[in-house]
Amino acid sequence: MEEHGVVPDVLPKAPPATVQVKYADVEANNGNVVTPTQVKSQPQLSWSAEEGAFYTVCMTDPDAPSRENPKFGEWQHWLVANVPGNDVAGGETLSEYVGSGPPKGTGLHRYVFVVYKQPGKLTFDEPRLPNTSANARRSFKINKFAEKYKLELVAGNFFRAEYDSWCEEVHKQFTS
């Protein structure tokens, strides 16, 4: 994570463990390069979870609109809280999954997955975002979110991707 600047751009320190991020045909593997087409559907996540604990998971892009000009970074792609153990489907979706969609000509973007252990089941005051809404996704900071709710970083991973033709579909899905 340090090699690709995830630390310190997203996180102040590297997570103590790795979250497994599996898509149909590829896995995130600490900065490997994939295509937006390969990551268009929500992945399956797995990490070493404590029995009875609740977690928050997030996918964020610090490189919006580009790594050279990250004025909208981080862009929040997915945020699920109150995840019992590592059952993401059983959690509370705060922001529905949006696959990677880097604009044409902006180079490789880093897509960072983080898992935080919560101090218990929590009430979140953030707006609930469907995957058709870009509102409140830009300039999100997962580290500030974690501080606000006193979350403990337990795992992370990331991949990199740049524009392919699927990105046009990603951009069209937004109505607001």
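Positions are given from 1 along the sequence.
Side-chain contact check for N82 and Q118: at least one donor-acceptor pair (N or O, by modelled atom type) lies under 3.5 Å. Residues Y163 and E168 have side chains that bring a donor and an acceptor to within less than 3.5 angstrom of each other. Under 3.5 Å, the side chains of N157 and T18 contain no donor-acceptor pair of N or O atoms.
Partners of D61 by salt bridge (Lys or Arg N to Asp or Glu O under 4.0 Å), not counting sequence neighbours: none found.
A donor-acceptor contact shorter than 3.5 Å is absent between the side chain of D87 and the backbone of P84. Between the R138 side chain and the F72 main chain, no donor and acceptor come within less than 3.5 Å of each other. With hydrogens and angles ignored, the 3.5 Å screen pairs a side-chain donor or acceptor of T35 with a backbone N or O of Q38. No donor-acceptor distance shorter than 3.5 angstrom exists from the side chain of E96 to the backbone of P130, with no hydrogens or angles considered.
Between S133 and F174, the closest heavy-atom pair is C-CD2, 3.8 Å. The two residues L108 and R160 have their closest heavy-atom pair at CD1-NH1, 3.6 Å. Summarising the geometry of S48 relative to Y55, their closest heavy-atom pair is O-OH, 4.4 Å, with the distance given to 0.1 Å. Considering every non-hydrogen atom in both C167 and G101, the closest pair reads SG-CA, 3.6 Å. Taking both residues in full, the closest heavy atoms of P15 and V154 are given as CB-C, 4.5 Å, listed atom of the first, atom of the second, then distance. Taking every heavy atom of both residues into account, L45 and V21 meet most closely at CD2-CG2, 3.6 Å.
One hydrophobic cluster holds both V80 and Y23 under the rule that ILVMFWY side chains link at heavy-atom gaps under 4.5 Å. When the side chains of ILVMFWY residues are joined at heavy-atom separations under 4.5 Å, either directly or via intervening members, L79 and V112 end up in a single hydrophobic cluster. Tracing side-chain contacts under 4.5 Å through hydrophobic residues (I, L, V, M, F, W, Y), one reaches L151 starting from L94; they form part of the same cluster. I142 is not connected to Y111 by any chain of hydrophobic side-chain contacts under 4.5 Å among Ile, Leu, Val, Met, Phe, Trp and Tyr, and they are in different clusters. Note: the hydrophobic cluster containing V114 does not contain W75 (ILVMFWY, side chain heavy atoms under 4.5 Å, direct or indirect links).
By the 4.5 Å heavy-atom criterion applied to side chains, S66 and P103 are not counted as neighbours. Side-chain contact check for S139 versus E74: every heavy-atom pair is 4.5 Å or farther apart. Counting heavy atoms from C-beta outward, P70 and P62 have side chains that stay 4.5 Å or more apart. Residues W78 and S95 form no side-chain contact, since every pair of their non-hydrogen atoms from C-beta on lies 4.5 Å or further apart. The shortest distance between side-chain heavy atoms of V26 and F159 does not fall below 4.5 Å. With a 4.5 Å cut-off on side-chain heavy atoms, P119 and F54 do not count as touching.
H4 has its ring centre less than 6.0 Å from the ring centre of F158.
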Report task. Report the C-alpha distance between L11 and L153 in whole Å, list the side-chain angles of each, state the deciding distance to 0.1 Å, and finish with yes or no for side-chain contact (heavy atoms from CB on, under 4.5 Å). Result -> CA-CA 9 Å; L11 301 169; L153 181 64; 4.2 Å; yes

Requested in this report: Show your reasoning for whether side-chain contact (heavy atoms from CB on, under 4.5 Å) applies to R67 and R110.
Outcome: CA-CA 8 Å; R67 189 154 180 189; R110 298 164 294 171; 3.4 Å; yes

Report task. Decide yes or no on side-chain contact (heavy atoms from CB on, under 4.5 Å) for H109 and E162, but give the supporting numbers first. Result -> CA-CA 6 Å; H109 287 230; E162 63 185 319; 5.9 Å; no

**Report entry** Pair Y97-H77, ring-ring contact (aromatic ring centres under 6.0 Å, His included): steps then yes or no
**Finding:** CA-CA 6 Å; Y97 182 82; H77 281 263; 7.5 Å; no

Requested in this report: Go through Q173 and V98 one step at a time and tell me if the side-chain contact (heavy atoms from CB on, under 4.5 Å) criterion holds.
Outcome: CA-CA 9 Å; Q173 78 187 45; V98 173; 3.7 Å; yes

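Ion pairing of E92 with R128 is present here, as a side-chain N (NZ or NE/NH1/NH2) and a carboxylate O approach within less than 4.0 Å. The pair K148-E126 meets the salt-bridge criterion, with a side-chain N (NZ, NE, NH1 or NH2) lying under 4.0 Å from an Asp/Glu carboxylate O. At a threshold of 4.0 Å, the pair E169-K172 counts as salt-bridged, since one of the basic side-chain nitrogens sits closer than that to a carboxylate oxygen.
Remark: T93 OG1 to L129 CG distance equals 11.0 Å, nearest 0.5 Å. To the nearest 0.5 Å, atoms CD (E2) and CG (D9) are separated by 11.5 Å. Once rounded to the nearest 0.5 Å, the distance linking OG of S100 with CG of D63 reads 11.5 Å. Rounding to the nearest 0.5 Å places CG of N143 at 11.0 Å from SG of C58.
Crowding of E27 atom CD: a count of heavy atoms from other residues, nucleotides or ligands under 6.0 Å exceeding 12.
Within the structure, ring-ring contact (aromatic ring centres under 6.0 Å, His included) contacts touching residues 114-133 (residues at least two apart or in different chains) are F124-F145, F124-Y149.
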